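Right, one structure below, let's go through it.
Please read all numbers here as calculations on a predicted model, not as lab measurements. Along the sequence shown, residues are numbered consecutively beginning with 1.
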Amino acid sequence: MAGFWGRRKREQEAQQAQDADLARHAEQSLVAADEHIRTTTDELAFAQAELGESLTGDLKAALDAVRTHMREAFQLHQLNHDEIPDTEEELRTRNARIVQLCEWAEGLLDEKTEVLAEAVAKVRRAPQIVAQVRRDAESLSSRVPHARTTIERLSSRYAESAMRRIASAADEAEQLIAFATHGADVSERRRAAGQNEEANLAMETATEAVRRTSAILDAVEDFEIEALRAESTLADVVADSRGDIIAARDAPQVPEVVAATAALETALRALAPAGARNDPFAELSELRTANTALDAAIDKAHYRAQHPLPSLDQVQHAIDDADRQLGVARGLISGHRGWIGADARTRLAEAERLRVDVPAMLPAEETRDLALSSARRVAQLAAEALQLAQRDIDSSRPQDQGWGGGGQSWGPGGRRGGGGGDIVSGVLGGLVIGSILDGIFD
């Protein structure tokens, strides 16, 4: 008994120590959160002066939400120290809630302050950013004449459909450079006038214009490399396609192979002659599509030659067999509802569910194989359900049904058999007994 009370005392002392630590943690969290709110309020004021109201709206909304929810924390702290006595459980619950609110508040303020700090740092580097925009614009301007010359040279080699992606690149680059320079001027003027929000917006648009200009000019230089690579790949695909057309003569001449071969030959004839302006990108795409279609048709024809498509009559015979199996199993199970276990009923339910999906697979040749296999699966499940049902019926009958003992019975005509009988007599006997029992209990 002394050991029991000693252990209980130690547990109480440990719980009291944990409660004291939790109370100190709650008070420290309140102080830290209150200080965090105060410093964030100061940071918000400075950020609004530098960024404006729109860019600091998220931090202001977060600060308002924190103040609203922290009122609950301070109220709970006040309840812990009023004149009304509280239980240990009440104090523990309040302190845990105070810690939770304080951690949430500090996490939210840290997240929003970090995002805003990046914007503030960028604004404080605004003079350097604007100067970089001007240097980039000047550098990009020197690339425009070379881009224009490249476009003119490539236009004499490639078709208009291929050149469409870069035909107006030089003009677009000049417009964007002018826009970036103008944006830099606007940013400097607005910042000098104290309109920091408008200045930041102008600086952002100028920076984006410079980035887009660089991407457009890079695309002009990359186009020639991409076109040469497409022409090289096109030559390989042409050689491969001609080989596939020759190989298609040895494939089974089914309609799909014949049509795919004709489509590939048409795509080869549609290629631009040597020395003419062409679109290597479009030609490569069309030829590759036709080549892939022929490969797929040949593979399908070879597979079908090795695995002939079952006829509709063959599938229908399988379905009829499955229906017969289902009918026998369904009749036996429904006639012995109280004797049949879950295994047999589950097999029958799965067979009936699968049977419903078979008719939709018949019209299309692609799913006729699946229709045949599904019909055979239905028959298999029905047969398993029948076998399991017969087993359940046999196990539910008395083991000694004979007149002379020994587990034997006399059948019609003086024939003597085993106690269970063969499967056919078991099924028929089960149907008769089941109908009698159903009539009695129903």
Inset, instruction - Starting from the C-alpha separation in whole Å, work towards a yes-or-no answer on side-chain hydrogen bond (donor to acceptor under 3.5 Å, both in side chains) for Asp110 and His36. - result: CA-CA 9 Å; Asp110 286 339; His36 203 160; 3.1 Å; yes
Legend entry - Partners meeting salt bridge (Lys or Arg N to Asp or Glu O under 4.0 Å) with Arg288 (sequence neighbours left out): none
Inset, instruction - Look up atom CD1 in Ile298 and atom OG1 in Thr261, then write down how far apart they are to the nearest 0.5 Å. - result: 6.0 Å
Legend entry - Residues Arg191, Asn200; criterion side-chain hydrogen bond (donor to acceptor under 3.5 Å, both in side chains); working and verdict: CA-CA 8 Å; Arg191 197 169 303 281; Asn200 296 333; 2.7 Å; yes
Inset, instruction - Please tell me if the side chains of Tyr158 and Arg277 come closer than 4.5 Å, counting only heavy atoms from C-beta onward. - result: no
Inset, instruction - Salt-bridge test for Arg345 and Glu350: reply yes if a basic N is under 4.0 Å from a carboxylate O, no otherwise. - result: no
Inset, instruction - To the nearest 0.5 angstrom, please state how far the CD atom of Gln390 sits from the OG atom of Ser395. - result: 10.0 Å
Inset, instruction - Report the residues that fulfil side chain to side chain donor-acceptor pair (under 3.5 Å) with Ser161, sequence neighbours left out, ordered by chain and then residue number. - result: Asp279
Inset, instruction - For His69, look at atom NE2 and say whether over 12 heavy atoms of other residues, nucleotides or ligands are found less than 6.0 Å away. - result: no
Legend entry - Heavy-atom pair of closest approach, residues Val66 and Ala105: CG1-CB, 3.6 Å
Legend entry - Test item: Ser187 side-chain N/O and Ala199 main-chain N/O as donor-acceptor pair under 3.5 Å: yes
Inset, instruction - Report yes if the side chains of Leu63 and Leu44 come closer than 4.5 Å at any heavy-atom pair, otherwise no. - result: yes
Legend entry - Heavy-atom closest pair, residues Leu370 and Ser373: O-OG, 2.9 Å
Inset, instruction - Determine, stepwise, if the pair Glu265 / Ser241 fulfils side chain to side chain contact (heavy atoms under 4.5 Å, CB included). - result: CA-CA 9 Å; Glu265 291 175 343; Ser241 299; over 6 Å; no
Legend entry - Heavy-atom side-chain proximity of Asn278 to Glu231 below 4.5 angstrom: yes
Legend entry - salt_bridge(Glu138, Arg135) N-O dist < 4.0 Å: no
Inset, instruction - State whether Asp320 and Arg324 are salt-bridged, where the test is any N-O pair (Lys NZ or Arg NE/NH1/NH2 against Asp/Glu carboxylate O) under 4.0 Å. - result: no
Legend entry - Nearest atoms (heavy-atom pairs only) where Ala202 meets Gly183: CB-O, 3.7 Å
Inset, instruction - Inspect the contact between Arg38 and Glu35 and indicate whether a charged nitrogen and a carboxylate oxygen are less than 4.0 angstrom apart. - result: yes
Inset, instruction - Walk me through it: do Asp58 and Val115 pass the test side chain to side chain contact (heavy atoms under 4.5 Å, CB included)? - result: CA-CA 9 Å; Asp58 287 346; Val115 174; over 6 Å; no
Legend entry - Ion pair Asp136/Arg211, N-O distance below 4.0 Å: no
Inset, instruction - Is it possible for you to check whether Arg212 lies under 6.0 Å from the centre of the six-membered ring of Phe179, through NZ or CZ, and within 45° of that ring's axis? - result: no
Legend entry - Heavy-atom pair of closest approach, residues Ser374 and Leu354: O-CD2, 3.8 Å
Legend entry - Rounded distance [0.5 Å steps], CD in Gln314 versus CZ in Arg368: 10.0 Å
Inset, instruction - Drop me the distance from Asp394's CG to Arg391's CZ, to the nearest 0.5 angstrom. - result: 10.0 Å
Inset, instruction - Could you tell me whether Glu27 and Arg24 have a side-chain N and a carboxylate O separated by less than 4.0 Å? - result: no
Inset, instruction - Using a 4.5 Å cut-off on heavy atoms from C-beta on, say whether the side chain of Leu268 contacts that of Ile245. - result: yes
Legend entry - side chain to side chain donor-acceptor pair (under 3.5 Å) against Asp240, all qualifying residues, sequence neighbours excluded: Asn291
Legend entry - Asp323 vs Arg355 side-chain heavy atoms within contact, under 4.5 Å: yes
Inset, instruction - Start with the C-alpha distance between Lys112 and Leu108, add both sets of side-chain angles, then the distance that settles side chain to side chain contact (heavy atoms under 4.5 Å, CB included), and finish with yes or no. - result: CA-CA 6 Å; Lys112 299 302 181 180; Leu108 180 61; 4.1 Å; yes
Inset, instruction - Work out which heavy atom in Ala351 is nearest to a heavy atom in Ala382; give both atom names and the distance. - result: CB-N, 4.1 Å
Legend entry - Other residues, nucleotides, ligands: >12 heavy atoms within 6.0 Å of Phe74 CZ: yes
Legend entry - Check: Ser214 side chain, Val210 main-chain N or O, donor-acceptor pair, under 3.5 Å: no
Inset, instruction - Using atom types as modelled and distance alone, determine if a side-chain donor or acceptor of Thr205 lies under 3.5 Å from a backbone N or O of Leu201. - result: yes
Legend entry - Closest approach of Ala344 to Ala389 (non-hydrogen atoms, all atoms of both residues): CB-N, 3.7 Å
Inset, instruction - Evaluate salt bridge (charged side-chain N to carboxylate O under 4.0 Å, His left out) for Arg376 paired with Asp321, printing each intermediate quantity in order. - result: CA-CA 8 Å; Arg376 290 173 175 173; Asp321 178 62; over 6 Å; no
Legend entry - Donor-acceptor side-chain pairing of Gln175 and Asp171 below 3.5 angstrom: no
Inset, instruction - Taking only Lys NZ, Arg NE, NH1 and NH2, and the carboxylate oxygens of Asp or Glu, determine whether Glu226 and Arg165 approach each other closer than 4.0 Å. - result: yes
Legend entry - Salt-bridge criterion met for Glu89 and Arg92 (N-O under 4.0 Å): yes
Legend entry - Backbone N/O of Ile216 and side chain of Glu172: donor-acceptor pair under 3.5 Å: no
Legend entry - Asp392 side chain near Asp343 side chain, heavy-atom distance below 4.5 Å: no
Inset, instruction - Flag the pair Asp21 / Gln18 as yes when at least one side-chain heavy-atom distance between them is below 4.5 Å, and no otherwise. - result: no
Inset, instruction - Would you check, one step at a time, whether the test side chain to side chain contact (heavy atoms under 4.5 Å, CB included) holds for Val130 with Asp185? - result: CA-CA 9 Å; Val130 171; Asp185 294 339; over 6 Å; no
Inset, instruction - Could you tell me if the ring centre of Phe281 sits under 6.0 Å from that of Phe223? - result: yes
Inset, instruction - Ignoring hydrogens and angles, state whether a donor on the side chain of Arg125 or Gln128 is under 3.5 Å from an acceptor on the partner side chain. - result: no
Legend entry - Sidechain N-carboxylate O distance under 4.0 Å for Lys300, Asp295: no
Inset, instruction - Please round to the nearest 0.5 Å and tell me the distance separating atom CG of Leu30 and atom NE2 of His25. - result: 10.0 Å
Legend entry - Spatial distance of atom CD (Gln380) from atom CZ (Arg347) [nearest 0.5 Å]: 9.0 Å
Inset, instruction - Please test Arg148 against Glu174 for salt bridge (charged side-chain N to carboxylate O under 4.0 Å, His left out), starting from the C-alpha separation and ending with a verdict. - result: CA-CA 11 Å; Arg148 198 179 297 279; Glu174 286 184 341; 3.2 Å; yes
Inset, instruction - Give a yes or no on this: more than 12 heavy atoms of other residues, nucleotides or ligands lie within 6.0 Å of atom CD of Glu221. - result: yes
Legend entry - Side-chain (Ser142) to main-chain (Ser139) donor-acceptor, under 3.5 angstrom: yes
Legend entry - Note, Leu326 side chain near Leu348 side chain (heavy atom, < 4.5 Å): yes
